[in-house]
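The model shown is predicted, which means the values in this text are computed figures rather than measured ones. When a residue number appears, it is its place in the shown sequence, counting from 1. Atoms within a ligand are numbered from 1 in the order they appear, just like the ligands themselves.
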Amino acid sequence: MKIIKADNYSELCRTAAKIIIEKVTHADKINLGLATGSTPIGLYCFLVDDHLRNHTSYHHVKTFNLDEYVGLHPVDRNSYHYYMREHLFHHLDLLPENIYLPNGISLDLDAECEQYESLIVNQGGIELQLLGLGRNGHIGFNEPGTSFQSKTHVVALDNSTRKANSRFFDSIEQVPQHAITMGMETIFSSKEILLLVSGEGKAGALQRLLEGEILEEFPASILKKHPNITVIADNAAIGSNVHRDGSTFLVACDPESRQ
Ligand SMILES: O=P(O)(O)OC[C@H]1O[C@](O)(CO)[C@@H](O)[C@@H]1O
């Protein structure tokens, strides 16, 4: 596990953007796994900015989102379809047919999950999966206790997750009870993973990830076994934790990425 320390959120986002832009620029075709939540918003801003300034093209990119709420229509302002359109898709030259998210309003959710899983496999798998980290260790919407062998599935959201995400809704009652999420195995099968961790509120989760045991009770812990994972964390999230962890090493952000 490689850990890149960023001074602040902006530097974290710039560093992550640089990694993604390099991959996109050098690949003939590439499948990106994308995440929602607050953390990647700044990164998406950098990608859009780079696209406008440097004309980085996304014609050859396919995107696969981690998750979607059950019951929210793609045009609902709180759906992840809407979020992705607003923050990223709408601003890039991605081909609409190359954008994939789980369909949270499918009448047959189990079939939807199976199809989404097969779709990822049939499209050659995910090259680079972007992840945020939940305070309880969730990745995607895989809540504590989710099997490490799980594939795309419907999940009942943890109350703590609904509470955390209620900031985007008018009230917690409006936060859906269920979501479709890529499973733990789906995520782990990605060739490369980029985990973004920002803010003091994530310090506990980051510490547990770095120092704790690998347990299904803390889903993100399995990432320690991934052969190609980079964690980018800002100072606020790192606190003084990382220095106690002998199994990881810390590199400063590439100064070039600060420009
Ligand atoms: O970036 P945030 O908003 O802290 O969220 C962390 C994680 O929680 C989720 O938003 C799900 O609750 C994930 O999609 C995200 O990666």
Side-chain angles (χ1 to χ4, degrees), residues 6 8-10 12-13 16-17 20 32-46 63-72 76-88 100-102 104 116 126 128-146 150 152-169 172 174-184 186-188 190 193-209 218-223 226 229-234 236-238:
N8 51 43
Y9 176 66
S10 174
L12 178 154
C13 294
I20 292 176
L32 292 181
L34 299 177
T36 53
S38 303
T39 313
I41 290 177
L43 155 65
Y44 294 153
C45 285
F46 277 110
T63 67
F64 301 84
N65 262 81
L66 279 168
D67 43 18
E68 177 58 290
Y69 287 113
V70 167
L72 295 193
D76 188 301
R77 296 182 71 84
N78 286 309
S79 72
Y80 286 164
H81 279 77
Y82 188 93
Y83 168 113
M84 291 305 302
R85 243 187 347 262
E86 288 297 300
H87 291 293
L88 194 67
Y100 302 101
L101 291 96
Y116 198 67
I126 290 171
L128 178 71
Q129 177 66 57
L130 182 66
L131 292 178
L133 178 64
R135 288 174 194 228
N136 62 5
H138 73 233
I139 49 175
F141 268 130
N142 291 286
E143 298 286 18
T146 306
S150 56
T152 302
H153 63 288
V154 176
V155 62
L157 296 176
D158 211 80
N159 272 340
S160 65
T161 301
R162 292 185 63 238
K163 200 170 158 204
N165 288 2
S166 65
R167 66 190 190 280
F168 300 113
F169 293 77
I172 188 164
Q174 289 183 6
V175 184
Q177 307 266 0
H178 295 88
I180 295 179
T181 181
M182 283 187 200
M184 294 301 294
T186 325
I187 294 171
F188 197 84
S190 311
I193 290 178
L194 194 55
L195 174 69
L196 308 184
V197 193
S198 171
E200 226 180 310
K202 298 288 174 68
L206 181 61
Q207 178 176 9
R208 187 159 174 196
L209 169 66
F218 194 77
S221 60
I222 193 67
L223 298 176
H226 196 278
I229 173 165
T230 301
V231 180
I232 311 180
D234 60 17
I238 288 174

Tell me if a side-chain donor or acceptor on E143 pairs with a main-chain N or O of L157 at a distance below 3.5 Å.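 Absent.
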Using a 3.5 Å distance criterion without hydrogens, assess whether the side chain of S79 forms a donor-acceptor pair with backbone atoms of L72.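 Judged by distance alone, no pair lies under 3.5 Å.
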Using only heavy-atom distances, determine whether the side chains of S10 and N8 contain a donor-acceptor pair under 3.5 Å.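 No donor-acceptor contact under 3.5 Å links the two side chains.
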Measure across L66 and G140 and return the closest heavy-atom pair with its distance rounded to 0.1 Å.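 Result for this residue pair: CD1-CA, 3.9 Å.
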Which atom pair, heavy atoms only, marks the closest approach of S166 to V175?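 Nearest heavy atoms, S166 then V175: CA-CG2, 3.6 Å.
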Side chain to side chain donor-acceptor pair (under 3.5 Å) contacts in which one or both residues fall within residues 63-72, not counting sequence neighbours: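 Pairs touching residues 63-72 that pass the test: E68-H81, Y69-Y80, Y69-N165.
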List the protein residues in contact with ligand 1, where contact means a heavy-atom separation under 4.0 angstrom.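 Lining ligand 1: T36, G37, S38, T39, D67, Y80, G132, L133, H138, G140, F141, T161, N165, R167, K202.
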